[in-house]
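The structure appears below as structure tokens.
Atoms within a ligand are numbered from 1 in the order they appear, just like the ligands themselves. For reference, positions follow the sequence shown, starting with 1.
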Amino acid sequence: MTPSSSRFRGLRTVTFHVPDLSRAREWYAGTLGVTPYFDEPFYVGFDIGGYELGLVPNADLSTGAGLRDAGGVTAYWGVDDVKAELARLVEHGAILHEEPTDVGGGIRVAAVRDPFGNVLGIIENPGFRGIDPAIPAEVDRYVAQRFGPREEGRGAGVDEAVAAAEEAIRAAGMPEISISTTEGHFLHLLARLVGARRILEIGTLGGVAALWMARALPPAPEGQLVSLEVDPEHAAVARRNLARGGVGDRVEVRVGLALDLLPGVAEEVRQGERPPFDMVFIDADKEPYAEYLDLAIQVTRAGGLIVADNVVWGGRILDEGTTDPSVLGIRRFNEALARDPRVVNAAIQTVGARGHDGMALALVLPREAG
Ligand code: SAH
Ligand code: MG
């Protein structure tokens with residue numbers, strides 16, 4: 001299976017032609033604040049956020065002397081094999097413009113002119129392989145096909161149940177923001193690691209995450225998952241999905257705003273009407289994430305685990321000037337988690353079928369005496 005349906009793997013390199021390489025090198029290094037990763041008398045290359053800006057000497061745009069390409073600019077598309085791709089392009093009527101050249105370090109370049117006169121560069125550069133955005137999703141499929149609970153009993157048929165749940169979510173026109181299958185494997189494993197018998201989820205949607213986690217639980221009444229969902233239609237779809245997935249006995253979906261429902265859940269725990277939770281999965285609206293964390297800690301036993309989804313949000317948590325309430329909510333959560341003395345924390349960023357995101361983990365410490 002190829003990582004991308006196209007033979008071009010995305011733009012890798014843009015080259016500019018310059019009359020004085022060392023002057024241009026100094027100008028770009030100073031202006032961009034980076035040192036070249038490739039620095040030779042015949043070529044200077046900068047790594048700009050995973051893309052390359054290259055400087056090619058001996059062309060003077062003002063006179064056109066030594067100029068090979070229109071405008072002095074060539075964009076190079078990443079390919080797996082420069083020679084094979086060049087042959088294919090020529091077969092399609094492109095005209096050879098720049099012979100395939102091995103420039104060292106496993107980097108090969110070539111260029112053609114398209115039938116309309118445009119210069120089209122191609123480049124094979126092992127240092128720029130990882131930026132094809134199709135690869136993480138492809139790897140997710142690879143991992144999902146191989147890993148996850150497979151044993152009879154609690155895990156049997158879980159793939160089919162999740163696929164049916166995802167189909168029901170699509171059919172109902174609900175947002176397709178359930179956790180991915182690899183994340184489902186991860187949550188399932190975490191639930192088993194903490195020996196979970198009671199799990200709380202904030203944000204049910206169609207019950208995909210609930211399914212993965214509930215499959216880690218013993219049957220009712222010992223195993224219990226309480227999931228909070230504001231949208232009654234989501235709750236109805238989730239209940240059907242969970243019943244079909246064989247865990248209807250141990251899952252209770254409560255409908256309402258999580259901030260309205262959580263005090264009731266906390267009161268049940270305080271009154272001893274229900275044991276504290278072994279695991280909490282926070283995955284609802286992002287603005288009150290910090291409040292969800294505080295309440296989650298209150299209802300979780302020492303040694304229990306809290307997992308929060310979407311704490312990276314495509315890297316937007318770094319946007320200094322953002323006014324996006326979700327980003328601000330996640331950032332407030334991250335800060336609250338970072339300084340909360342009641343837990344040991346960790347966070348990982350993830351890529352895959354759901355793009356670039358991350359999960360935060362919090363292990364609840366024994367309460368201080370007194
Ligand atoms: N955990 C689910 C995905 C949850 S998506 C899974 O991975 O399978 C987020 C869900 O939270 C949506 O269904 C949305 O309706 C619900 N939600 C949003 N705001 C909420 C709130 N304030 N209280 C309870 N649920 C909320
Ligand atoms: Mg989520």
Determine, step by step, whether Asp39 and Arg25 satisfy the salt bridge (Lys or Arg N to Asp or Glu O under 4.0 Å) criterion, reporting the C-alpha distance in whole Å, the side-chain angles of both residues, the deciding distance to 0.1 Å, and the verdict.
CA-CA 9 Å; Asp39 200 359; Arg25 179 192 183 283; 2.6 Å; yes

Would you please test Arg170 and Glu167 for salt bridge (Lys or Arg N to Asp or Glu O under 4.0 Å) and show each step?
CA-CA 5 Å; Arg170 255 193 304 279; Glu167 184 47 43; 2.9 Å; yes

Asp309: which N/O/S atom is nearest the Mg ion (ligand 2)?
OD2

Which residue pairs satisfy the salt bridge (charged side-chain N to carboxylate O under 4.0 Å, His left out) criterion with at least one member in residues 353-366, sequence neighbours excluded?
none

Considering residues at least two apart in sequence or located in another chain, which fulfil the side-chain contact (heavy atoms from CB on, under 4.5 Å) criterion with Leu189?
none

Is the NZ or CZ atom of Arg146 both under 6.0 Å from the centre of the six-membered ring of Tyr142 and within 45° of that ring's axis?
yes

Taking the six-membered ring for Trp and the full ring for Phe, Tyr or His, determine whether the centres of Phe38 and Tyr43 are under 6.0 Å apart.
yes

Please output the residues near ligand 1 using a strict heavy-atom distance under 4.0 Å, listed in chain and residue-number order.
Ile177, Ser178, Ile179, Glu201, Gly203, Thr204, Leu205, Val208, Ala209, Glu229, Val230, His234, Gly256, Leu257, Ala258, Phe281, Asp283, Ala284, Asp285, Tyr292

Donor-acceptor pairs under 3.5 angstrom involving side-chain atoms of residues 251-258: please list them, not counting sequence neighbours.
residue: Glu252; atom: OE2; partner: Arg254; partner atom: NE; Å: 2.7
residue: Glu252; atom: OE2; partner: Arg254; partner atom: NH2; Å: 3.4
residue: Arg254; atom: NH1; partner: Glu268; partner atom: OE2; Å: 3.1
residue: Arg254; atom: NH2; partner: Glu268; partner atom: OE1; Å: 3.3
residue: Arg254; atom: NH2; partner: Glu268; partner atom: OE2; Å: 3.4

At the Mg ion (ligand 2), OD1 of Asp283 and OD1 of Asn310 open up to roughly (10° bins) 80°

